[in-house]
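Convention: sequence-line order gives letters A, B, ...; per-chain numbering from 1.
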Amino acid sequence: MDLSLHTHKMHLNLGPSHPTMHGTLRVLLTLDGETIVDANPEIGYLHRCFEKESEDHTYTQIFPYTDRLNYLSALMNNVGYAMAVEKLLGLQIPPRCQYIRVIISELSRIMDHLVCIGTNLVDLGALTNFWYFFNVRETMTNWVERLCGARLTNTYVRVGGLAKDLPAGSDKELRSCLKELNKAVKDVTGLLKKNRIFMDRTQNVGVISAEDAINWGFTGPCLRACGVDYDVRKAAPYYDYDRFSWDVPVGVVGDCYDRLFVRFEEMVQSTRIIEQALDKLPDGPIEVANNQVVLPPKHEVYNSIEGLIRHFELIMFGIKVEPGEVYSYTEAANGELGFYIVSDGSGKPYRIKVRPPCFAIYQAFPELIKGQMIADAVAILGTLNVVAGELDR
Amino acid sequence: MQQLLDQLKQQFGDAVIETSSFRGDDTAVIKVSHLIDVCRYLQESCSMNFLMDVCGVDYPERKDRFEVVYHMYSQSTRKRIRLKVRVTEADPHVPTVIGIWKSANWFEREAFDLFGIIFDGHPYLRRLLTYEGFEGHALRKDYPVNKRQQIPTPISLLD
């Protein structure tokens, strides 16, 4: 006699507009009771034709678009894109510019992780941590506002340099931000590390093995949580990252708990890098001395015909880049952010392809949530830190 | 770095159409028919365990109009290589490399969506960034940018 109840599978449409979907993601879940049997994600709700638009803009005009890729750490996208164009040009940027780029990259990494961890914990029902983290993030955003006038969409970096130098008193302000950050990280880890509810919700949830993660193209904290110590800053150091003393935190299990705590530890490591960069910050120019790339100073534009012509040509026709193609990559908050640029020798790129880190990671989402509960799907999605802005471009 | 390209040339001979290095990036253009063999060789013998990126590029004036560009990375040797295959507009078929790297899945779907390159053997080759019912392929150079498209309706995703 068959005593089991006859059930039939139910479909649940999660997203695209749902508070836990971190942007506009849609997943169609097939459920057996509350267990996920199958999942089919659909992306593209935030597709803004970044790559097509870029083909019709000069290299400098593309910076504002890169802000909107991963809008939680816009400064880092600026740096990644600028590095790609500079690689294409074969430019070596001055030391002060490199150090400032290190500082803003690490600061945006911290800001990105703060949002990722904070919102993910809100999804899990822990609201307090969100306020602890956003207090700190607010002080950092205030500094970024003083740096470039914008809080989120910064457009601070330029090809061959920066829009302007650090504002006065940055050293003191940043160090006090970092102090507050360390306090907030201590507070939040104190609340979480041995928290029974949090451990039950995250440990052994959404586990992925190192081999699978590599095969799926995982990079960044999600890969390091599986115990693989791949970090672009160590594997192919750019901007003197090899001269700072810092460590690459790795996890063991590759579950949600590890992914979150790798991010916690990365924030601590980033503060170490920023402090060393502030200590060693060299004096000197923040732009290359190459008038084919950077805009001439204003007094030359207003007082000399050469300056005016140079300015006009750079604005109207853009920076002339020799034909060729490069793939340049940086360690962004989510992993390897790659830019593949093809140049045909004009002032506009022939083709730009962005390799957003969370694109590769989000592919594996159906595999990760199969067999788990709906609530686990939300926890897993949060720890993957999928940002629709860079996923859909 | 050059040695990896030499190794490929030695191993595959005529299948490697041309090789080049620019700004430290190594590129090998290979025949479409040998793509799977070369990829498998790179993964197994050159420990290229990451497939970082797959994308299309459109050159309307060329005989082989589309290029499909693959970027691989080896974590153990810390080397990178860029692999290219070229296909014509009339026959835009490239075998899928999902069997070697799962990460190719969405990257190939994106190239299909935006360029119309067909990846033979792909298990779920549907549009990714644009929607079902979108006419044309948006990143082709001859795509009319002012073209109006029909308003999309959500697809069921049930199949």
Side-chain angles (χ1 to χ4, degrees), chain A residues 11 13 16 26-28 30 39-47 49 51-53 55-56 87-90 211-212 214-219 223 228-230 235-236 322-329 336 338 340 342 344 350-356 359-364 367 391-393, chain B residues 20 22-27 43 49-59 67 69-76 78-82 84 98 100-107 109-111 113-114 124 126-132 134 138-141 143 145 152 154-159:
Chain A
H11 295 291
N13 194 40
R26 179 185 173 213
V27 192
L28 187 85
T30 310
N40 191 359
E42 190 194 19
I43 68 167
Y45 285 86
L46 213 59
H47 182 53
C49 323
E51 287 162 11
K52 190 78 180 172
E53 288 280 0
E55 291 172 8
D56 201 32
K87 185 175 175 186
L88 198 49
L89 284 161
E211 295 78 49
D212 277 350
I214 290 173
N215 208 258
W216 276 113
F218 275 42
T219 46
L223 177 67
V228 183
D229 66 341
Y230 171 62
E322 65 174 291
E325 50 194 85
V326 292
Y327 177 75
S328 162
Y329 44 97
E336 178 174 315
Y340 171 58
V342 181
D344 60 353
Y350 185 78
R351 165 96 168 101
I352 286 191
K353 169 71 169 60
V354 188
R355 190 251 179 221
F359 189 82
I361 293 171
Y362 190 53
Q363 295 185 66
E367 294 298 319
L391 183 72
D392 295 348
R393 286 155 285 146
Chain B
S20 60
F22 178 71
R23 305 263 187 250
D25 289 6
D26 288 342
T27 311
Q43 198 214 28
N49 49 356
F50 283 92
L51 175 68
M52 284 297 184
D53 193 25
V54 181
C55 69
V57 187
D58 182 15
Y59 299 96
E67 255 179 14
V69 186
Y70 300 80
H71 287 97
M72 289 93 169
Y73 172 66
S74 158
Q75 198 205 346
S76 51
R78 294 185 175 180
K79 282 180 182 167
R80 282 173 192 263
I81 189 166
R82 179 187 303 136
K84 284 182 181 179
I98 289 186
I100 305 169
W101 297 282
K102 286 187 223 163
S103 56
N105 191 333
W106 279 14
F107 288 110
R109 274 180 72 184
E110 187 188 316
D113 182 2
L114 302 177
Y124 195 74
R126 289 174 77 160
R127 287 187 179 268
L128 186 69
L129 296 179
T130 62
Y131 45 87
E132 298 284 312
F134 186 94
L139 270 181
R140 286 187 177 185
K141 289 285 177 186
Y143 178 80
V145 283
I155 52 166
S156 75
L157 294 179
L158 276 179
D159 49 344

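- Neither the backbone nor the side chain of A/Glu211 comes within less than 4.5 Å of any heavy atom in chain B.
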Handout entry: From CA spacing to verdict: side chain to side chain contact (heavy atoms under 4.5 Å, CB included), A/Lys353, B/His71
Key = CA-CA 12 Å; A/Lys353 169 71 169 60; B/His71 287 97; over 6 Å; no
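- A cation-pi arrangement, defined by a distance under 6.0 Å to the six-membered ring centre and an angle within 45 degrees of its axis, is absent between B/Arg82 and A/Tyr340.
- Nearest heavy atoms, B/Phe50 versus A/Tyr230: CZ-CD2, 4.4 Å.
- Closest approach of A/Gly217 to B/Ser103, counting heavy atoms only: N-CB, 3.7 Å.
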Exercise for the section: Determine, stepwise, if the pair A/Glu325 / B/Asp25 fulfils side chain to side chain contact (heavy atoms under 4.5 Å, CB included). Expected result: CA-CA 9 Å; A/Glu325 50 194 85; B/Asp25 289 6; over 6 Å; no
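- Proximity to chain A (any heavy atom under 4.5 Å) is shown, for B/Arg109, by neither the backbone nor the side chain.
- The part of A/Val342 that comes within reach of chain B is its side chain, from C-beta onward, which places non-hydrogen atoms under 4.5 angstrom from that chain.
- Only the backbone of B/Val54 comes within less than 4.5 Å of a heavy atom in chain A; its side chain stays farther off.
- Looking at B/Val69 and A/Tyr327, their side chains never come closer than 4.5 Å, going by heavy atoms from C-beta outward.
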Exercise for the section: Decide salt bridge (Lys or Arg N to Asp or Glu O under 4.0 Å) for A/Glu367 and B/Lys102; before the verdict, give the C-alpha distance in whole Å, the side-chain angles of both, and the deciding distance to 0.1 Å. Expected result: CA-CA 12 Å; A/Glu367 294 298 319; B/Lys102 286 187 223 163; over 6 Å; no
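- In this structure A/Glu322 satisfies the side-chain contact (heavy atoms from CB on, under 4.5 Å) test together with B/Phe22, B/Arg23, sequence neighbours excluded.
- Top candidate by heavy-atom pairs under 4.5 Å with chain A, chosen from B/Gln75, B/Gln43, B/Lys141, is B/Lys141.
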Exercise for the section: Please test B/Met52 against A/Tyr329 for side chain to side chain contact (heavy atoms under 4.5 Å, CB included), starting from the C-alpha separation and ending with a verdict. Expected result: CA-CA 10 Å; B/Met52 284 297 184; A/Tyr329 44 97; over 6 Å; no
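- Of the atoms belonging to A/Phe218, it is backbone heavy atoms, and not side-chain ones, that fall under 4.5 Å from chain B.
- Both the backbone and the side chain of A/Leu88 come within contact range of chain B, with heavy atoms under 4.5 Å apart.
- Taking each heavy atom of A/Asn215 and B/Ile100 in turn, the nearest pair found is ND2-O, 3.4 Å.
- Put simply, OG1 on B/Thr130 and CG on A/Asp392 are 11.0 Å apart, with the number rounded to the nearest 0.5 Å.
- When heavy atoms are compared at a cutoff of 4.5 Å, B/Asn49 approaches chain A by way of both its backbone and its side chain.
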Exercise for the section: Kindly indicate, with the supporting measurements, whether the criterion salt bridge (Lys or Arg N to Asp or Glu O under 4.0 Å) is fulfilled by A/Glu336 and B/Arg80. Expected result: CA-CA 13 Å; A/Glu336 178 174 315; B/Arg80 282 173 192 263; 2.9 Å; yes
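- For a residue to count as touching a neighbouring chain, one of its non-hydrogen atoms must lie under 4.5 Å from one of that chain's; by this rule A/Thr219 touches chain B with the side chain only.
- Of the listed residues (B/Tyr73, B/Trp106, B/Tyr131, B/Phe107), the greatest number of heavy-atom pairs within a distance under 4.5 Å of chain A belongs to B/Trp106.
- If you take CZ on B/Arg140 and NZ on A/Lys52, they are separated by 10.5 Å, rounding to the nearest 0.5 Å.
- Most heavy-atom pairs under 4.5 Å with chain A, from the set B/Leu51, B/Asp113, B/Leu128, B/Leu114: that is B/Leu128.
- Among A/Val228, A/Asp212, A/Asp56, A/Val326, the residue making the largest number of heavy-atom pairs under 4.5 Å with chain B is A/Val326.
- Only the side chain of A/Leu223 has a heavy atom closer than 4.5 Å to any heavy atom of chain B.
- Looking at A/Tyr362, both its backbone and its side chain come within 4.5 Å of chain B, counting heavy atoms on both sides.
- Highest contact tally toward chain B, considering only A/Gln363, A/Arg351, A/His47, is held by A/Gln363 [criterion: heavy-atom pairs under 4.5 Å].
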